[in-house]
Number of protein chains: 2
Amino acid sequence: MPAIEDGPSVPAARERARAIPEAAVARLAVYLRVLSAMSEQGVSSVSSEELSAAAGVNSAKLRKDLSYIGSYGTRGVGYEVGVLVDQIERTLGLTRKHSVAVVGIGNLGHALANYGGFPGRGFPVTALFDVDPDLIGIPVGGIPVHHIDDITAVCAEREISIGVIATPPPAAQAVCDRLVQGGVECILNFAPVVLQVPDTVEVRKVDLAVELQVLSFHVARRADQAQVDAMADAREDGDRTGIDGMVVR
Amino acid sequence: MPAIEDGPSVPAARERARAIPEAAVARLAVYLRVLSAMSEQGVSSVSSEELSAAAGVNSAKLRKDLSYIGSYGTRGVGYEVGVLVDQIERTLGLTRKHSVAVVGIGNLGHALANYGGFPGRGFPVTALFDVDPDLIGIPVGGIPVHHIDDITAVCAEREISIGVIATPPPAAQAVCDRLVQGGVECILNFAPVVLQVPDTVEVRKVDLAVELQVLSFHVARRADQAQVDAMADAREDGDRTGIDGMVVR
DNA sequence: CGGACTTTGTGCATGCGTTCACAAATGGCT
DNA sequence: AGCCATTTGTGAACGCATGCACAAAGTCCG
């Protein structure tokens, strides 16, 4: 175990963080949840094979993902659940609490606010905002609702690090601008709008319509494939099938 | 023009669908929304440059994405908005309506049910399910709630093509199994659980906790980077900074 | 104590997706 | 009619992520 050794040690550990592929980060979060569940069930050790199966990924990929955060496994044995949980939490920055603000207390906003201390601890929702005068002042999920005009001030004051936008599309960009002005550098956007932000700000988008449309694409692809198959079959006995014939199986 | 020649002819048009990268499909959905908005504003023609800017992507990528669905642009001019909308809708399979079932009428389920005919038409929510006896029979967003024991029967009967899981984590797998048994081949999963499904079924996952944790990672990365910068500065005048010193700016 | 077995960590090849850069095509202008 | 400006469509290079396959490392058992 090296002493302090300055140069390489600390920055190396820090810069490694930059090298983790985005996709791997998302998977680490999944591993973390699985590991937490195991930990609660008293499992103390796990192999890459078991963990990867539980997380639904390839075991080699899992090991590579874990290697991004360091070598915490024991060859011939596996990983210690507790150690892995700690290391992943550290890598994901979950050792510090991140205050979350939710803007737009419609159906979705309600759902988010009531999550309370978000799934898998560590994300206290500490501020809510809306335009509707009827909502302001009334607590939702124990948290009072402020007017969106106060976003900038409140976010700056409470050092909000993550802003969640759950407003109707037309309001999203204006809300986003205020969040940014209030010092928020990470935004989770549920509004179906492409947000314009300075490149110091990180945006992640959850778009229901897109998700459904991607699924729709797969339904269509499947139907087409079934049709192609049917035509291949039909060709064998004379090709009697109409081009737009629908195949139900 | 080849006669039957097996492979190429009709299947070519169909197989193209299979060749569209998943990532491109998701972007097509975004383009579609932007285009619809333009169409409503009376814009009839658009260049790849304009459209890509509005969608927040590189113009070359946009053109390549559009090329996956065919050549519908005019060189020197651009694309006709209406044509593009039609073609994308066709590719995404939006010409047929896809009935959607939502399972789990908690906060999130409510939000989903009340979306009504989902953002950007074409996804009527036609069935709701929950376990809570108090909810059953009472309409939410105009749609009556059934018991989850009836999932299989109702889905089969109404030819539901997309199932949305918005239940607590422990219930998710069982619900999923019933949806699959009812003939649902596409599932949108909001529960933080890795679903096990036959590989004929397509699952897309929306995981709030993962999204937040990825953002958290970025916050941490940024803080670390600031720290590294600060240490580099400090080193110049003697390196007095403690290793775990936090840098607030 | 040594050998066999297990499991990690990773170099390498493969494949996919993104980006560049340019030829081909089209409309408008003189 | 011919040329120029513009913009598409795509071949090719690049880069990243995935998956394989194996050496290194460690445990367990006889």
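The chains referred to below are lettered A, B, ... by the order of the sequence lines, with proteins before strands, and numbering in each begins at 1. If you're wondering where the values come from, they're calculated on a predicted model, not measured in any experiment. Below, all heavy atoms of this structure are taken into account, side chains as well, without hydrogens, waters or symmetry copies.
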Results of salt bridge (charged side-chain N to carboxylate O under 4.0 Å, His left out) for A:Lys205 - residues two or more places apart only
A:Asp207
Atom CG of A:Leu66 to atom P of C:dG9: distance rounded to whole Å?
8 Å
B:Arg63: which residues meet the salt bridge (charged side-chain N to carboxylate O under 4.0 Å, His left out) condition with it, sequence neighbours left out?
none
Those residues that, when tested against A:Asn189, pass side-chain hydrogen bond (donor to acceptor under 3.5 Å, both in side chains) (two or more places apart):
none
Residues that B:Glu22 engages under side-chain hydrogen bond (donor to acceptor under 3.5 Å, both in side chains), provided they are two or more places apart
A:His218, B:Arg204
Distances under 3.5 Å between protein N/O atoms and the N/O atoms of nucleotides 4-8 of chain C, please, pair by pair.
unit_1, atom_1, unit_2, atom_2, d
C:dT7, O4', A:Gly76, N, 3.0
C:dT7, O2, A:Gly76, N, 3.3
C:dT8, OP1, A:Ser48, N, 2.5
C:dT8, OP2, A:Ser48, OG, 2.5
C:dT8, O2, A:Arg75, NH1, 3.1

Going by the rule side-chain hydrogen bond (donor to acceptor under 3.5 Å, both in side chains), which residues pair with A:Ser52 if we only count those two or more places apart in sequence or in a different chain?
none
Partner residues of A:Glu202 under the salt bridge (charged side-chain N to carboxylate O under 4.0 Å, His left out) criterion, sequence neighbours left out:
B:Arg222
Could you give the angle between the helix axes at the two ends of the helix from C:dC1-D:dG30 to C:dT30-D:dA1, with five pairs per end, rounded to 10 degrees?
0°
Going by the rule side-chain hydrogen bond (donor to acceptor under 3.5 Å, both in side chains), which residues pair with B:Tyr79 if we only count those two or more places apart in sequence or in a different chain?
none
Can you confirm whether B:Leu66 sits close enough to B:Tyr72 that some side-chain heavy atom of one is under 4.5 Å from a side-chain heavy atom of the other?
no
Identify the pairs formed between an N or O of the protein and an N or O of nucleotides 16-19 of chain D at a distance under 3.5 Å, and give each distance.
unit_1, atom_1, unit_2, atom_2, d
D:dT18, OP1, A:Arg27, NH1, 2.8
D:dT18, OP2, A:Arg27, NH2, 2.9
D:dG19, OP2, A:Lys61, NZ, 3.3
D:dG19, O6, A:Lys64, NZ, 2.9

Show me the donor-acceptor pairs, under 3.5 Å and distance only, between side chains in residues 160-179 of chain A and residues at least two apart or in other chains.
unit_1, atom_1, unit_2, atom_2, d
A:Gln173, OE1, A:Gln196, N, 2.9
A:Gln173, NE2, A:Asp177, OD1, 2.9
A:Gln173, NE2, A:Gln196, O, 3.0
A:Arg178, NH1, A:Ile148, O, 3.1
A:Arg178, NH1, A:Asp149, OD1, 2.8

Keeping to residues at least two apart or across chains, list the salt bridge (Lys or Arg N to Asp or Glu O under 4.0 Å) pairs with something in residues 166-176 of chain A.
none
